[in-house]
Structures are given as structure tokens and as C-alpha cells.
Amino acid sequence: MPELPEVETVRRGLAARIIGRRIQRVEVRRSDLRIPLPIDFADRLAGRQIETIDRRAKYLLLRLDDGQVLVVHLGMSGRLVLADRSSARQAGPHEHVVIQVGDDLEICFDDHRRFGLMALIPENELQTHALFARLGPEPLGPDFNGAVLAAALSGRRTPIKAALLDQSVVAGLGNIYVCEILFRARLSPKRLAATVQGGRADRLAAAVRAILLAAIASGGSSLRDYVQASGELGYFQHKWLVYGREGQRCKTRGCGHTIRRIIQSNRSTFYCSLCLR
DNA sequence: ACGAGAACCTGTTTGC
DNA sequence: TGCAAACAGGTTCTCG
């Protein structure tokens, strides 16, 4: 489900309510996530205070007061939702981990496809850990621009669509936003990545930032599974110009061409063959 | 070393 | 109606 804007929205929702709280109790209802949870997972969390919540790519990083970081990835269908503990809540069938923070609040990790993961990693091992070692630049960070992007794309003999999904090129993009970004940058998803240089790379980098910022401002896109930490839906899906619009009209002024869907690297790509070069 | 495709897992939608 | 196939926001492994 979640790409960078959804993860960032969840981060903000969690941060507003759980920073400074102490983990009272952890219930592991199912431990075979993408990376199996260790036997002592609950014990290592219990009693810890949550100091900060950051995001790197599509990972949430909850820094704890003992130097460990609780890493959460939502995979394709994961949710991290806050629930009031007082209302004798019935746990859903795919609620694999429930973390009680303070007396009255629970963080519920719900993920029916189990492509998501949770892991406890020491803060000082984070950078070199296999999950993080090969991640590219943060697209909303200060050191991302057209030149950086052009350098990452040079020599890559794969379509630009596939290159942007590669987390070592830019961190945090996924299938929906790559389609929207390429449309905004007026670049064909089939264009060879290596040919995106100079002005095209500048345009693309600008589109990356613009789309991500607009999506975050809308609370992300709610398709099937995604909700904010509060349970509210995002509404950026109403602003998609190509994703999910196969057979409909291109919204570019004066175009009106039909949006097409093709398969690239086993993923759907939506684009306008008239607008994008 | 690189890129394409399959695999992982479950639920929902679509088509015959 | 029923069943099978297609499809879904991600990542990682294998194979050529």
C-alpha cells in the first residue's frame, strides 16, 4: 500500500500522539512477518520510552530510550493505526502486533498480506543494516536535485519507470507516484533511464518533489488498505491524473487522448502516449 | 554486474 | 451463481 506520502502521513499522526510515551505491553499475535519477529521481541520493547519518530524511504523509525530503533515497513497492505484502549476493541484477524503505549492507547500493526515487517535494530547499526545500506537519497531532503538524479540514472539501460521504482536511485517512490511523477514531468515511462539528463532530469526531480509534497498535503492516497494513523482516509487518489485511469481521457488541456495501461517489470504503468515523450 | 521476471501472501474484483 | 483468473500501494531472489 504505502509509498512515501502515506508513510510520512502515518509518521506525523503517530508523532503527534505517542512521542514521550512508554511501551507498557506488546502482544505478538503472529510473528511470521516478512522478517520473522524474534522470540524476545516483546520483551525488548516492554518498558521502553518512544523518543522520536522519523522516516527513511518507506520505513518508519521509532527511536527508543535504550538506543534501539523499532523499524516498521508496511509492505503492500500494512496499516499502523492508533486505537483507544478503553473501548474493549476486537482485534482484527490480521492484526499481528499490538503495542500498548501509556495507559490508554494502542498501536496496531495490521497487514493481511504480510509483506510488511517490524524489526529492532541498534541505532548505531542502522546505516549499515541490509534494509538501509543501499537506499538512495531522500527525495524531499536537501541533497536531492536534477544533477543527483541524472547521475543515478546515467548508464542505466532500463525504462525510466523501472529505474524510479528502484529504491537505490531515489528512496520512497512506488508505483502510483512514479506514474503521476512521469506524467507531470512529461516523460514517457518507456524512455531509457540513461537518457534522462540535463533539463529532463531537472524537470523530473522537480516533479518528484511536487507530487510527493502535494500527496502529503492530502494525507496520502487511500485505495484499499491505507488509512492514516488516526483511521482517516487520505484523499490524494482524487487528484490522480493517470494512475487507475485506463481508458479515460487525458486531463491535459487540449489533449483528451485515452490513458493507456501497459505492464513494465510486472507492474501496471498508466500514461498518456500523446503527452509524454 | 545488470535487468527481467518470479516469488512471497491474502483479499477483492472481473470474466466466463 | 460459481469458479478461476487477474490484479493489488513492495521487496528480494533467481536466472540468463
Side-chain angles (χ1 to χ4, degrees), chain A residues 1-11 29-37 55-60 71-81 92-96 109-119 129-136 139 152-182 189-195 211-212 215-216 218-229 233-240 242-247 261-270:
Chain A
M1 137 325 250
E3 305 181 34
L4 186 153
E6 290 75 34
V7 178
E8 177 61 22
T9 300
V10 170
R11 185 195 72 76
R29 311 183 67 235
R30 187 160 183 171
S31 60
D32 54 339
L33 310 181
R34 178 152 70 86
I35 299 176
L37 295 175
R55 179 190 55 72
R56 172 73 173 114
K58 300 169 191 169
Y59 295 90
L60 285 168
V71 174
V72 183
H73 193 289
L74 299 176
M76 204 80 134
S77 57
R79 306 174 172 195
L80 212 51
V81 179
H94 303 291
E95 229 168 74
H96 306 313
F109 178 74
D110 188 309
D111 182 14
H112 68 84
R113 289 178 79 176
R114 278 182 291 124
F115 287 169
L117 67 85
M118 284 185 151
H129 192 279
L131 292 173
F132 299 95
R134 293 196 308 265
L135 289 176
L153 295 173
S154 75
R156 304 210 48 154
R157 309 201 56 81
T158 192
I160 185 65
K161 164 75 189 309
L164 290 177
L165 287 175
D166 183 336
Q167 301 296 294
S168 69
V169 172
V170 191
L173 304 185
N175 204 39
I176 292 177
Y177 294 110
V178 166
C179 292
E180 296 298 321
I181 286 163
L182 288 171
K190 299 186 207 172
R191 171 180 280 278
L192 196 65
T195 69
I211 293 287
L212 293 179
I216 291 169
S218 297
S221 300
S222 287
L223 186 43
R224 273 166 276 275
D225 303 306
Y226 167 73
V227 293
Q228 303 185 26
L233 299 176
Y235 56 93
F236 194 71
Q237 66 276 14
H238 303 303
K239 302 184 183 177
W240 294 342
V242 285
Y243 187 86
R245 297 193 64 245
E246 181 183 19
R261 181 172 77 101
I262 58 173
I263 303 296
Q264 292 178 295
S265 334
N266 275 347
R267 316 290 305 274
S268 286
T269 297
F270 298 87

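Below, read A as the first sequence line, B as the second, and so on, with proteins coming before strands; counting in each chain starts at 1. Quick caveat: nothing in here was measured; it's all calculated off a predicted structure.
Between Gln167(A) and dT11(C), a side-chain N or O to OP1/OP2 separation shorter than 4.0 Å is present. The side chain of Arg261(A) contributes an N or O atom lying less than 4.0 Å from OP1 or OP2 of dC7(C). OP1 or OP2 of dA8(C) has not a single side-chain nitrogen or oxygen of Ser77(A) nearer than 4.0 Å.
Heavy-atom nearest nucleotides on DNA chain C were determined for Leu223(A) and for Tyr59(A), and the one closer to the 5' end corresponds to Leu223(A). Heavy-atom nearest nucleotides on DNA chain B were determined for Arg156(A) and for Asn266(A), and the one closer to the 5' end corresponds to Arg156(A).
Look at the P atom in both dT11(C) and dA1(B): the space between them is 22 Å, to the nearest Å. Distance check on atom P: dC9(B) versus dT14(C) gives 15 Å, rounded to whole Å.
Among the protein residues, Leu33(A) comes within range of no part of the nucleic acid, since none of its heavy atoms lies under 4.0 Å from any strand. Among the heavy atoms of the strands, none lies under 4.0 Å from Pro93(A). Contacts of Arg113(A) with the nucleic acid, taken as non-hydrogen atoms under 4.0 Å apart, include base atoms.
By the salt bridge (Lys or Arg N to Asp or Glu O under 4.0 Å) test, Arg114(A) is found to be paired with Asp32(A), residues two or more places apart in sequence or in another chain being considered.
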Check: Under a cut-off of 3.5 Å for both distances of each Watson-Crick or G-U pair, what dot-bracket string does DNA chain B give, using [ ] for crossing pairs and | for inter-strand pairs?
Finding: .|||||||.|||||||

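Chain A approaches DNA chain B within less than 4.0 angstrom (heavy atoms of the protein), and the contacting nucleotides run 5' to 3' from dG3(B) to dG11(B).
The distance between atom CZ of Phe115(A) and atom P of dT12(C), rounded to the nearest whole Å, is 12 Å.
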